[in-house]
Amino acid sequence: MTAEPIPPVATKRPRVFTIHGRELKDDYFWLREKTNPEVLEYLKAENAYQERIMQPTKDLQERLYREMLGRIKETDENVPYRQGAFFYYTRTEEGKSYPIHCRKAGDPNAPEQVVLDLNEIGKDKPFTALGAYSPSDDGRFLVYSIDHSGFREYYGRIRDLTTGEDLPDDLGKITFAFFAGDNETVFYGVEDAAKRPYRVCRHRLGQPKESDIPVYEEADELYRAYAYRTRSKQFIIFLSASSVTTEASFLTDDAPESAPKLLFPRRTEIEYYPDHHGESFYLRINDRGRNFRLVTVPTSEPDLSKAVEILPHRPETLLERVDLFRDFLICSEREGGLPRLRITELASGDTHYPAFPEPAYSASVGVNPEFDTSTLRYVYQSLVTPSSVYDYDLRTRVAELKKRQEIPSGYDPSGLRSERIVATAADGTKIPISLVYKEGLVRDGSAPLHLIAYGSYGFSYPITFSTNRLSLIERGITVAIAHIRGGAEMGKAWHDQGKMMNKKNTFTDFIACAEHLIAEKYTSSDRLTIQGGSAGGLLMGAVVNLRPDLFRAVISDVPFVDVINTMLDATLPLTVQEYLEWGNPNEPAAFEYMLSYSPYDNLEAKDYPAILITTSLNDSQVMYWEPAKYTAKLRTLKTDPNLLLLKTNMDAGHGGASGRYDALREIAFEYAFLLAQLGKAEE
């Protein structure tokens with residue numbers, strides 16, 4: 001008889017520190033020492049343990065991988081978009097992990113030119129990710145950046161597209177890059193030691209990096225610095241942004257060597273985002289209400305006190321984005337938790353909304369680089385309808401389907417059902433839930449259900465189609481999305497009610513959604529699995545501490561679980577800027593509140609559900625040691641026989657594997673864990 005694998009035990013090396021009169025002990029602080037061989041040994045021991053535990057599911061993992069692979073058109077091409085004199089697109093080839101970026105001159109049927117082949121760039125590399133990708137207006141040059149670490153370390157290069165060779169110009173580590181209209185000037189972003197984008201530099205082709213000039217810099221650690229070029233190609237905008245306040249400067253595109261001019265000085269908790277049309281700057285601004293309004297000011301003499309209001313603030317409608325074209329204004333809005341596109345002809349003022357047919361869906365503006373166009377590209381999908389690219393004639397109001405995601409193994413949407421229901425939180429707030437399940441679901445509590453959520457940063461969880469998810473649905477598992485507070489599904493107030501000193505609403509909302517799904521007999525607690533990643537991993541840690549009895553199994557991907565230690569370390573990426581999301585634990589009241597829900601600090605000796613935790617050694621957003629410490633501590637406290645697994649990708653970053661085939665295998669592993677916990681491993 002084979003002995004059961006024994007889980008690793010991390011050594012306790014207590015670190016005690018005092019803050020606000022309270023003594024905190026951390027037995028596993030030493031796991032931060034990335035260069036310590038003992039740390040790598042522990043992570044490898046956890047990997048070896050989970051591999052032994054999951055060995056009986058190897059055949060299931062392979063079946064799941066083959067299923068998911070069979071739903072992907074491996075050799076495929078996306079819809080080209082016009083930018084200048086070229087049509088740009090990406091395509092994939094069977095057996096190759098990464099996309100190939102291409103273009104055609106003048107016509108979509110012209111001969112193909114390969115611009116960037118990530119398979120060649122990533123050859124013999126365990127990780128490859130593309131950051132910046134911006135051609136010059138004349139189409140001769142491309143500025144791009146590549147990360148091979150997973151730590152978001154993107155290095156910028158410039159390629160001569162007439163020769164296909166990179167220029168000697170080396171931009172170093174950058175956060176973004178684009179060309180000005182002279183086709184010779186590149187603006188790019190630089191980050192500080194804590195990975196905060198804080199400076200924008202100007203580079204001239206052929207000049208050494210040492211001669212690059214800092215154009216714009218943000219000294220306040222709460223803010224990040226960005227720049228972008230307006231679609232009109234008339235202005236370059238420089239933006240300093242915290243999560244609640246912005247400040248913009250600008251220069252004209254035909255004078256890229258000039259100094260940026262301040263548009264309006266920052267005012268605490270006022271955000272404004274400029275774009276340009278004709279003689280006006282258009283500003284999406286929240287000075288009259290959290291959900292933003294749209295105003296214009298003259299480019300010649302910007303004066304906010306004399307702004308002309310184009311669209312007022314509406315308490316029930318969030319103005320998420322504004323896209324300006326020569327003759328049309330497109331406002332991306334969100335109302336009742338769902339997106340919509342408000343289309344206005346600028347000359348006449350006529351406004352309309354394209355209709356979308358399903359109760360829960362995602363609709364968003366696609367790639368539209370050209371200013372002078374009467375065609376809008378948008379992307380529509382739902383939990384049932386595959387991702388669909390449309391070209392919408394803004395004059396005739398006719399949508400042309402250009403491409404719908406193909407599923408080679410076959411897919412019949414009539415076999416699925418999607419609906420939107422509402423749970424009631426403890427304070428009476430109505431929380432939307434989107435569901436998708438196989439036709440014929442019997443609501444008697446016996447069906448398994450997988451509940452996912454995020455609930456932070458004002459990120460609205462998208463209601464998108466997933467071919468991978470079909471492997472769960474076809475096995476009779478309902479998939480549900482809880483649109484909890486902390487996101488922005490119901491407007492900016494939805495975010496406000498789930499951050500800072502209101503953060504616990506995020507967790508109790510999720511629990512209310514789970515309880516509602518059980519009460520309505522979509523599932524039962526012993527058939528309910530949950531999943532969240534990053535800040536959604538914080539959600540997972542918090543809810544299993546609060547209600548471990550409510551869930552059968554948990555997947556917590558790259559989870560932010562060590563809230564106090566991370567937010568007390570200002571040298572880490574993201575920390576200072578995120579004081580405005582979580583609070584600053586150097587302040588006593590914020591410290592006490594954060595400590596009261598921090599998953600790592602609130603682990604107790606009690607029964608927990610089965611838990612799979614994933615992380616990556618080179619994650620720059622949630623450091624590997626957070627899930628590692630959490631796992632080590634939980635092993636010493638849990639009183640149940642349920643599985644606790646830690647899986648570390650030793651080569652990747654926050655998003656896991658970069659290659660599409662490796663990414664599928666990671667998903668197959670997670671699904672195999674779920675199915676095994678639900679007793680469906682043989683299906």
Side-chain angles (χ1 to χ4, degrees), residues 71 78-79 291 314 316-323 330-343 351-368 376-394 397-407 411-423 430-439 441 449-455 458-470 472-473 477-484 487-491 494-495 513 517 522 536:
R71 300 190 192 104
N78 67 9
V79 183
N291 279 346
R314 294 156 293 167
E316 75 286 353
T317 305
L318 173 62
L319 179 58
E320 289 188 311
R321 168 176 166 167
V322 172
D323 286 274
I330 315 299
C331 293
S332 298
E333 301 177 343
R334 187 170 292 272
E335 185 171 299
L338 294 172
R340 62 182 189 176
L341 301 178
R342 178 189 177 96
I343 298 173
T351 295
H352 72 281
Y353 292 88
F356 300 120
E358 296 174 273
Y361 62 86
S362 174
S364 58
V365 172
V367 180
N368 294 272
L376 175 73
R377 176 158 296 170
Y378 70 81
V379 181
Y380 176 88
Q381 57 188 307
S382 74
L383 297 173
V384 173
T385 301
S387 179
S388 308
V389 177
Y390 286 90
D391 277 354
Y392 185 77
D393 190 311
L394 295 165
R397 304 183 182 183
V398 174
E400 178 187 0
L401 177 63
K402 304 298 291 186
K403 182 181 177 66
R404 176 162 286 156
Q405 180 181 0
E406 297 180 52
I407 304 173
Y411 169 65
D412 180 7
S414 67
L416 270 60
R417 290 289 175 268
S418 173
E419 62 177 309
R420 193 170 178 86
I421 62 174
V422 174
K430 303 298 183 183
I431 314 298
I433 307 172
S434 302
L435 302 101
V436 60
Y437 48 83
K438 195 174 181 180
E439 170 71 20
L441 172 71
L449 186 144
H450 189 52
L451 179 63
I452 54 182
Y454 186 72
F459 173 75
S460 299
Y461 205 108
I463 304 168
T464 53
F465 184 79
S466 167
T467 55
N468 300 330
R469 195 185 292 141
L470 295 174
L472 299 179
I473 297 170
I477 299 172
T478 298
V479 176
I481 302 168
H483 301 286
I484 52 183
E489 282 89 339
M490 309 298 284
W494 203 247
H495 180 202
C513 289
L517 290 164
Y522 284 95

Partners of [X] by salt bridge (charged side-chain N to carboxylate O under 4.0 Å, His left out), sequence neighbours excluded?
X      : value
Lys430 : none
Glu400 : Lys402
Glu333 : Arg314, Arg340
Arg420 : none

Show the nearest heavy-atom pair for residues [X] and [Y], with the distance to one decimal.
X      : Y      : answer
Ser387 : Phe465 : N-CB, 4.2 Å
Tyr380 : Pro357 : OH-CD, 3.4 Å
Ala482 : Cys513 : CB-SG, 3.8 Å
Ser332 : Val365 : OG-CG2, 3.7 Å

- Query: With a 3.5 Å cut-off and no angle check, do the side chains of Glu335 and Thr317 form a donor-acceptor pair?
  - Reply: yes

- Task: Could you check Lys403, Arg404, Gln381 and say which one makes a side-chain hydrogen bond (donor to acceptor under 3.5 Å, both in side chains) with Ser388?
- Result: Arg404

Note, [X] side chain near [Y] side chain (heavy atom, < 4.5 Å):
X      : Y      : result
Leu517 : Leu435 : yes
Leu441 : Arg417 : no
Ile421 : Tyr522 : yes
Val79  : Val367 : no

Considering residues at least two apart in sequence or located in another chain, which fulfil the side chain to side chain contact (heavy atoms under 4.5 Å, CB included) criterion with [X]?
X      : result
Ser364 : Val379
Ser418 : Ala360, Leu383, Val384
Asn291 : His313, Leu318, Lys492

Which residues share a side chain to side chain donor-acceptor pair (under 3.5 Å) with [X], sequence neighbours left out:
X      : answer
Tyr437 : Glu419
Tyr411 : none
Tyr461 : none
Arg469 : none

- Check ring-ring contact (aromatic ring centres under 6.0 Å, His included) between Tyr454 and all other residues, then give those that pass, not counting sequence neighbours.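 Tyr454: ring-ring contact (aromatic ring centres under 6.0 Å, His included) contacts with Phe459.
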
- Taking it one step at a time, do Asn468 and Ser466 satisfy side-chain hydrogen bond (donor to acceptor under 3.5 Å, both in side chains)? CA-CA 5 Å; Asn468 300 330; Ser466 167; 4.6 Å; no

- Item | Any donor-acceptor pair under 3.5 Å from Trp494 side chain to His483 backbone | yes

- Expected output: side-chain Asp393 to main-chain Asp391 donor-acceptor under 3.5 Å: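 Not confirmed, Asp393 side chain does not pair with Asp391 backbone.
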
